[in-house]
2 protein chains.
Amino acid sequence: MDFKELERFLLSCEDAVILAHKNPDGDTLGSAFALCRALRKMGKRANVVCSDGFPERYDFLYEGCEGDNTLIEPKCVIAVDIADVTLMGRNLECYQQEGAVDLCIDHHISNKHYAKQTYVDGSASATALVLYELFRFMNIDIDLQTARCLYTGISTDTGCFKYENTTQKAHIAAAELIGMGVDFSVINRRMFDLKSRSRIMVEQIAISNIEFYFGGKLSMIVITKELMAKSGAEDSEFDGIAAIPISVEGVEMGITVRQRGSQTYKLSVRTTEKHDASEFCRNFGGGGHIRAAGCEISGELSDVRERILELGAKLFGGER
Amino acid sequence: MDFKELERFLLSCEDAVILAHKNPDGDTLGSAFALCRALRKMGKRANVVCSDGFPERYDFLYEGCEGDNTLIEPKCVIAVDIADVTLMGRNLECYQQEGAVDLCIDHHISNKHYAKQTYVDGSASATALVLYELFRFMNIDIDLQTARCLYTGISTDTGCFKYENTTQKAHIAAAELIGMGVDFSVINRRMFDLKSRSRIMVEQIAISNIEFYFGGKLSMIVITKELMAKSGAEDSEFDGIAAIPISVEGVEMGITVRQRGSQTYKLSVRTTEKHDASEFCRNFGGGGHIRAAGCEISGELSDVRERILELGAKLFGGER
């Protein structure tokens with residue numbers, strides 16, 4: 001599928017429902033609402049749906065779309081930023097059957113091509129960047145609110161232009177979008193700097209429990225159920241702390257251990273270029289990417305820690 | 001002074017010493033080494049000096065410049081990113097007298113014009129961005145190492161394109177610089193994500209001492225000398241924690257109080273768009289910017305806290 005075909009699809013579609021993925025982020029929501037606005041501008045009815053609803057954190061993306069966001073009987077189903085049907089979430093199960101999705105627009109190279117038609121640009125920093133270029137191609141007027149949605153998608157998926165997936169095109173699109181008046185510093189503060197009080201406390205708990213081994217090359221944070229209960233924070237607030245152990249200077253492998261059951265522990269492993277997180281996790285029946293991987297280990301916490309450090313000794317050698 | 005005159009200056013200068021400001025950051029060092037490399041490419045002798053030396057954190061900027069960085073007897077003194085002679089630091093006192101600096105290139109609108117000639121672009125996100133545009137104007141070949149220096153200056157001064165001072169030109173320059181092969185994700189990880197072990201501990205101490213008032217609208221962190229001594233961290237490692245209180249959701253004014261003498265406390269005040277930090281600090285004889293200001297209060301800690309909260313009550317009203 002190319003932009004010409006994508007344009008033809010959008011011009012001819014009617015009553016579209018746009019799907020965002022579960023645990024929605026800035027890219028899936030920014031893309032979904034940008035596309036929704038574009039379709040409405042073309043005189044069509046369009047809606048956005050998400051299995052987990054629309055978090056307050058992203059409410060600035062919905063402006064101008066809230067009122068009309070009643071469920072329509074869709075004639076056309078479009079998934080944005082959803083690489084696989086399993087990522088739709090339990091409330092969108094009806095769209096997970098074969099043939100249920102008419103079009104998927106995505107930037108994940110791993111896209112499963114579950115939709116009848118798929119446009120994937122694996123080199124794009126974000127799905128919002130694909131849409132930005134499509135809108136340019138189609139000469140769709142990008143109004144300020146659409147620009148905010150597109151900017152947010154690009155900014156959040158690149159860690160504010162920080163990560164390896166940031167491209168020249170991402171910077172050039174950002175230049176044009178901020179030129180339209182996007183309040184990018186307010187958006188970025190909200191997306192990257194603001195933390196809830198309980199999140200701050202969770203980070204403090206995590207940091208106060210950090211352990212270092214092998215001359216500071218391996219760091220580990222263990223979060224037990226007891227600790228979680230004491231913090232008063234919700235389980236989901238502990239998501240993302242896996243970034244903490246690897247953020248310490250000199251650390252080559254950062255491991256976060258979270259207790260799941262009474263004798264089960266989930267590991268999140270992050271590495272610098274010196275080690276393979278996926279290989280480490282395969283030793284415990286897990287897997288993932290070279291820099292970020294995961295696995296589960298069963299047993300008493302002391303045994304779990306022992307097994308991790310035994311494997312660590314093979315990688316880092318020397319004294320603990 | 002315009003680019004034409006700036007070009008003429010650089011073409012005719014000989015044996016240049018380039019000054020970076022004290023407590024050097026990515027912009028002053030990135031700019032200084034980029035300019036140094038450009039002058040050397042033009043066949044001139046050039047050096048960079050900084051009152052505080054060159055921190056290890058920025059050592060990737062010095063590549064290719066280290067060896068030649070012996071002191072030359074300068075015929076020409078160029079200050080980069082230094083708005084005022086007081087920012088040169090005690091080891092560069094010899095350049096603080098009137099007429100000691102031949103040229104200053106800067107982006108601070110507050111520049112004091114202490115040099116014989118000054119080029120200031122107050123609309124530029126970074127001094128490195130001024131240099132990038134100058135090099136383009138002069139058709140100077142920007143090699144990979146120079147590109148790394150320029151990118152680092154732009155990225156660090158804009159908080160990785162996050163802050164209000166990020167311009168379209170900053171994004172476009174970044175697009176061109178990363179197209180030259182700059183390892184921007186490695187640089188950004190080092191500049192923004194990596195923290196020393198003691199820095200992590202300092203943040204933990206800060207967070208564990210956070211206080212909230214007026215329904216969470218005012219937050220305050222008090223760091224006493226006793227606390228600093230207990231942490232084992234150096235005083236300078238506490239720099240930057242002023243960003244923590246204002247990073248909590250719902251907070252409109254974040255205050256960091258650091259003990260200086262036995263009865264003196266230094267306040268760093270940060271605000272959202274709802275309040276004026278500078279006005280707040282003027283009440284205690286201080287000042288600064290609308291979003292970031294500072295002042296000193298003398299007295300017992302309990303009195304200092306009381307005075308802050310009394311003024312806070314006028315702004316936020318209601319119960320503490």
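By convention in this document, chain letters (A, B, ...) are assigned in the order of the sequence lines, proteins followed by strands, and residues within each chain are numbered from 1.
- Residues Glu176(B) and Tyr132(B) bring a donor and an acceptor atom of their side chains to less than 3.5 Å of each other.
- Between Arg291(A) and Glu273(A), none of the side-chain N atoms (NZ, or NE/NH1/NH2) sits under 4.0 Å from a carboxylate O, so this pair counts as no salt bridge.
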Check the pair Asn188(A), Tyr151(A) against side-chain hydrogen bond (donor to acceptor under 3.5 Å, both in side chains), reporting the backbone distance first and the verdict last. CA-CA 10 Å; Asn188(A) 289 332; Tyr151(A) 178 89; 3.0 Å; yes

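- For a residue to count as touching a neighbouring chain, one of its non-hydrogen atoms must lie under 4.5 Å from one of that chain's; by this rule Ile246(A) touches chain B with backbone and side chain alike.
- Atom CG in Asn209(B) sits 11.5 Å away from atom OG1 in Thr256(B) (nearest 0.5 Å).
- Residue contact with chain A, scored on non-hydrogen atoms closer than 4.5 Å, involves the backbone of Thr167(B) exclusively.
- By the 4.0 Å N-to-carboxylate-O rule, Asp239(B) lies close enough to Arg258(B) to be salt-bridged with it.
- Listed options Val248(B), Asn165(B), Thr272(B) were ranked by heavy-atom pairs under 4.5 angstrom with chain A; first place goes to Val248(B).
- Of the listed residues (Gly250(A), Ala174(A), Ala170(A), Ala206(A)), the one with the most heavy-atom contacts under 4.5 Å to chain B is Ala174(A).
- Glu203(B) does not touch chain A: none of its heavy atoms, backbone or side chain, sits under 4.5 Å away.
- Using a 4.5 Å cut-off between heavy atoms, Ile187(B) makes no contact with chain A at all.
- Your options are Thr166(B), Val186(B), Ile244(B), Val251(B), and the one with the most heavy-atom pairs under 4.5 Å with chain A is Thr166(B).
- Using a 4.5 Å cut-off between heavy atoms, Phe161(A) touches chain B through backbone and side chain atoms alike.
- When heavy atoms are compared at a cutoff of 4.5 Å, Met201(A) approaches chain B solely by way of its side chain, counted from C-beta outward.
- Within a 6.0 Å radius of CD in Glu164(A), no more than 12 heavy atoms belonging to other residues, nucleotides or ligands are found.
- In summary, Glu237(A) and Arg199(A) do not engage in a salt bridge, as defined by a charged side-chain N under 4.0 Å from a carboxylate O.
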